[in-house]
Amino acid sequence: MDLKSRIRRRQRNDGSTRLVVDYDAINPAVHVEEPTGRGPVLERLLDYVEPVFEGDLPPDAYVFGPSGSGKSAVVTALFEQLRRVLSQSASIIHTSTRVLTSDTPTFVYVDAREAASDFALYHAILDGIVEETVPQQGIGLDSIRSRLQDALEPYDSSVLVAVDHVGEPETYGLAEIAGRLEPMADSLGWTAIGRAAPASIADDVLPPERIEVPSYERHALVDIVTERASSGLARRALQHEETRQLASWADGNAHDALAALFAAAHRAAGSGRSRIHHEDLSAGMDGIPRPSVSIGRVLALSDNRKVVLRALIDLDEAARESVDAATAAIAASDGVDLSESTVKRFLYELAEAGITERVTHPRSTGEIGRPPSRVEPRFPTLVFRQLYDLRSGV
DNA sequence: GATCCACGGGAATACACGGATG
DNA sequence: CATCCGTGTATTCCCGTGGATC
């Protein structure tokens, strides 16, 4: 455990034996500075970025691997470190009109979930390059694009952009990213990160370099869970046997493992226990749909969509029996200030994106018209509820 | 005044089914 | 028997409006 976590643990521990010391430490959407068990992948990525140490850009690349395999963990850690290490060798002043010469590229990490329009994408990149703040509204797409181009103009300085979570239902795919970044400048290179295997992607949009991030081995997952539990939970909160069981259940998916751990810990804490019992773990695992939409995707949704989801998961069975009923109940909930038609549109959109699922009712004889459908969450609801409530201070 | 984008609302379309039609 | 039609819902699609920001 690093010093920061130790201090945090002491700081938050007010003397009582709190089971959950730091929710962030067991939050599947939060990544640690030093990823566990991804040595070979890190080496592979370092080989790939090697040219930057000579001041050149590597070729564009596509990093891919299944859900929960640590793609985001490893790329965020790598870009963060590169940015930190390489920027101190040349203290440069970036402005949109002038970039003082530097030997090494600038590194920018962009989450496609937060860059879902052309404007937002260019904005995110520009914001990562220049010192000054970039307006988010009031200026047109053309003007933000040309400002970015200006910033990239001096070809002696270059930028490597990581675009994470490419190809999700609500984010740009590889082709769209390529189409938008390719024409910008020679001094801009990109590394896209996504789930889809290259075989399922058209050849002409695949960048020259492909890097695979395979699923975690079971023992690696055990290490990850152990480490996260040790920095986020009270001592000996999770037995080794339970850890093994969890890792084995998660089947290589670190997101699911941590989500279940989170849910189990929260349940145990709610019952006033000082450690996670077997039944807590079982309940935690049962609460994670498989496959599960990652909690990060849910948390990245717009505020009002989260408001709707937050209300949705508190509805009783009856109210979720149809989109109509759910709409009415949600629109009438405390804290929801949206019209019924907007709530309904959101419910359909969320289902379309796979965040919830619509299950059409079995036909009941005598009923007239098209049968309604039940609304079921496909994400870790307990984790969402807790993180949402923590952040909104409920 | 310009711009982006979330809301809201309504029109168009899809689906399910029983009954009529060819 | 296969198809079409009418009725009633469910779902999708689309676009104008307005808040917030520059």
Side-chain angles (χ1 to χ4, degrees), chain A residues 95-97 110-151 163 165 168-172 176-177 179-181 184 297-312 315 317-378 388 391-392:
Chain A
T95 70
S96 62
T97 52
V110 173
D111 189 341
R113 288 165 179 162
E114 272 138 30
S117 67
D118 288 9
F119 184 90
L121 178 64
Y122 294 135
H123 179 276
I125 298 172
L126 184 59
D127 198 43
I129 300 174
V130 303
E131 200 62 39
E132 69 225 37
T133 51
V134 188
Q136 313 220 15
Q137 275 169 76
I139 64 169
L141 173 60
D142 288 338
S143 103
I144 197 122
R145 189 192 281 118
S146 54
R147 279 172 78 160
L148 176 56
Q149 248 151 0
D150 289 347
V163 187
H165 304 119
E168 290 179 350
E170 53 274 270
T171 64
Y172 282 144
E176 287 141 324
I177 293 295
R180 282 158 180 78
L181 299 190
M184 289 311 290
R297 234 182 97 193
V298 179
L299 294 173
L301 293 169
S302 67
D303 289 349
N304 277 332
R305 266 154 249 256
K306 280 184 286 193
V307 166
V308 167
L309 283 180
R310 180 64 186 84
L312 173 72
L315 297 184
E317 291 274 321
R320 284 190 283 113
E321 281 304 299
S322 75
V323 175
D324 255 1
T327 298
I330 291 169
S333 302
D334 284 344
V336 179
D337 185 26
L338 294 166
S339 75
E340 290 212 0
S341 51
T342 298
V343 171
K344 181 177 280 190
R345 179 166 60 80
F346 282 4
L347 287 177
Y348 280 116
E349 284 175 4
L350 290 164
E352 183 64 29
I355 288 168
T356 60
E357 184 179 2
R358 286 191 297 112
V359 186
T360 46
H361 271 273
R363 182 118 278 274
S364 44
T365 46
E367 293 284 340
I368 189 115
R370 186 175 177 168
S373 41
R374 192 155 34 89
V375 185
E376 282 187 357
R378 302 305 300 169
Y388 183 91
R391 286 192 60 178
S392 53

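Keep in mind the model is a prediction, meaning the values are calculated, not measured.
- Distance, A:Tyr348 OH to C:dT9 C1': 9 Å, rounded to whole Å.
- One atom, CD of A:Glu352, and another, C1' of C:dT12, lie 9 Å apart when rounded to the nearest Å.
- In terms of polar N and O atoms assigned as donor or acceptor, the side chain of A:Arg370 never comes within less than 3.5 Å of the base of C:dG8 in a complementary pairing.
- Taking atom CG of A:Asp118 as the reference point, atom C1' of B:dT3 lies 15 Å away to the nearest angstrom.
- Across all strands shown, A:Phe119 has heavy atoms under 4.0 Å from sugar-phosphate atoms exclusively, and none from any base.
- Counting only heavy atoms from C-beta outward, the side chains of A:Lys344 and A:Asp324 approach each other to under 4.5 Å.
- Regarding A:Glu132, its CD atom lies at a distance of 14 Å from the P atom of C:dC22, rounded to whole Å.
- Atoms CD (A:Gln137) and P (C:dC22) sit 7 Å apart, rounded to a whole Å.
- For C:dT11, one of the phosphate oxygens OP1 or OP2 lies less than 4.0 angstrom from a side-chain nitrogen or oxygen of A:Ser373.
- At the heavy-atom level, A:Thr360 lies nowhere under 4.0 Å from the strands shown.
- Side-chain atoms of A:Ser322 do not come within 3.5 Å of backbone N or O of A:Pro372 as any donor-acceptor pair.
- A:His123 places no side-chain N or O within donor-acceptor distance of the main-chain N or O of A:Ile144, the cut-off being under 3.5 Å.
- Note on A:Glu349 versus A:Arg345: salt bridge recorded, some NZ/NE/NH1/NH2 to OD/OE distance being below 4.0 Å.
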Run the side chain to side chain contact (heavy atoms under 4.5 Å, CB included) test on A:Leu121 and A:Asp118 for me, step by step, so that the C-alpha distance in whole Å, both residues' side-chain angles and the decisive distance to 0.1 Å come before the verdict.
CA-CA 5 Å; A:Leu121 178 64; A:Asp118 288 9; 5.7 Å; no
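- A straight line from CZ of A:Arg358 to P of B:dC15 spans 11 Å, rounded to a whole angstrom.
- One finds no salt bridge joining A:Arg147 and A:Asp150 here, because no Lys/Arg side-chain nitrogen approaches an Asp/Glu carboxylate oxygen to under 4.0 Å.
- A:Arg345 comes within 4.0 angstrom of a nucleotide base, judged by non-hydrogen atoms across all strands.
- Here A:Ser302 does not reach the OP1 or OP2 of B:dC5: none of its side-chain N or O atoms lies under 4.0 Å away.
- Using a 4.0 Å cutoff on non-hydrogen atoms, the parts of residues 323-341 of chain A near DNA chain B are A:Leu338, A:Ser339, A:Ser341, ordered by number.
- For A:His361 and C:dT9, the NE2 to P distance is 15 Å, given to the nearest whole Å.
- In terms of modelled atom types and a separation under 3.5 Å, the side chain of A:Arg180 and the main chain of A:Glu176 share a donor-acceptor contact.
- Distance A:Lys344 NZ to B:dA6 P: 22 Å, rounded to the nearest Å.
- Within the 4.0 angstrom heavy-atom criterion, only backbone atoms of the sugar-phosphate kind lie near A:Ser117; the bases stay farther away.
- Residue A:Arg147 has no polar side-chain atom (N or O) positioned under 4.0 Å from OP1 or OP2 of C:dC22.
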